[in-house]
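To keep things clear, I will list the structure first and then write my remarks on it.
Counting convention: from 1, in listed order, for ligands and their atoms alike.
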Amino acid sequence: MDKVRDAAFEEPTIADDDRHCKQSVKPLIGIPSGWNEQSQAYHLEARYVDAIAFAGGIPVLLPFDTRESTLCELCSRLDGFMFAGGRDLSPLLYGEELLPETREPSEKRDAAELALARAALETDKPLLMICRGMQLLNVCLEGTLFQDLPTQHSRTLVHWRVENEPDPMHQIEIAKDTPLAFLLGKTQIEVNSRHHQAIRTLAPSLRVMATSEDDLIEAVYMADKPFVWGVQWHPELLYRDDEPSAALFRAFVDACG
Ligand code: MN
């Protein structure tokens with residue numbers, strides 16, 4: 001009995017993690033969650049979270065909240081934002097009707113992410129926009145998308161995997177004198193591909209950073225922002241074995257630090 005009471009009153013020891021916390025400051029990176037309508041549950045693949053932690057950031061998963069006051073708080077307290085892949089954006093956002101090939105969009109997620117992206121851009125927060133994230137950035141800045149590559153683009157490469165097949169890989173050409181070319185020190189890399197949509201008309205404030213052989217935009221950036229990059233591929237699925245993908249996450253987290 002006494003032993004139990006002693007244990008209960010024992011001073012808690014400071015965990016190594018807590019000590020570490022007092023000595024260094026890791027950037028807090030907000031990641032908007034996806035949404036599963038059927039189960040009414042927030043949803044995000046763990047690889048996105050793992051990649052940020054791997055690169056030295058602390059991932060913070062975000063629910064939907066479009067209130068001005070919340071967006072303002074998030075932009076002042078968090079150090080950067082990463083937007084993940086996911087469902088097709090509503091084409092109504094760029095003035096088109098839904099094609100039969102376009103997957104039913106999530107209006108909730110579209111609205112929440114667009115509001116957060118705008119707030120983050122206004123406050124010059126570093127942004128890493130992956131796949132749907134890059135498409136959202138383009139639409140947010142008044143660009144448009146191919147709703148469905150197989151029916152709208154005369155492509156020569158496979159950008160979309162068939163169910164249960166591994167992601168196709170294809171080469172991209174990185175434009176010289178862009179931040180990605182400087183970061184990697186090369187102008188060609190192999191990337192994975194799991195998109196059936198892509199940028200059609202580039203937003204005026206974005207610049208092309210990489211293209212595929214069949215002329216799709218595979219990476220963009222904003223020249224007048226400290227770090228606003230979009231990539232069409234999925235570095236979160238590659239970074240463990242692929243140096244360019246690892247370098248991309250490190251560069252982003254460094255920019256947030
Ligand atoms: Mn591709």
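Across all their heavy atoms, Val253 and Gly56 have their closest contact at CG1-C, 3.7 Å.
Ring centroids of Phe249 and Phe54 are separated by 6.0 Å or more, keeping the two rings apart.
Counting only protein atoms, the N, O or S atoms lying less than 2.8 Å from the Mn ion (ligand 1) are His159 ND1, His170 NE2, Ser193 OG, His195 NE2, Glu218 OE2, ordered by chain and residue number.
Considering only residues two or more places apart in sequence or on other chains, Glu96 meets the side-chain contact (heavy atoms from CB on, under 4.5 Å) condition with Pro91, Tyr94, Gln147, Arg200.
Between Asp224 and Arg207 there is no salt bridge, since none of the side-chain N atoms of the basic residue sits less than 4.0 Å from a carboxylate O of the acidic one. Classification of Arg77 and Glu73 as a salt-bridged pair holds, one side-chain N sitting under 4.0 Å from a carboxylate O.
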**Request:** Determine, stepwise, if the pair Arg103 / Asp88 fulfils salt bridge (Lys or Arg N to Asp or Glu O under 4.0 Å).
**Result:** CA-CA 6 Å; Arg103 290 175 64 201; Asp88 295 345; 5.6 Å; no
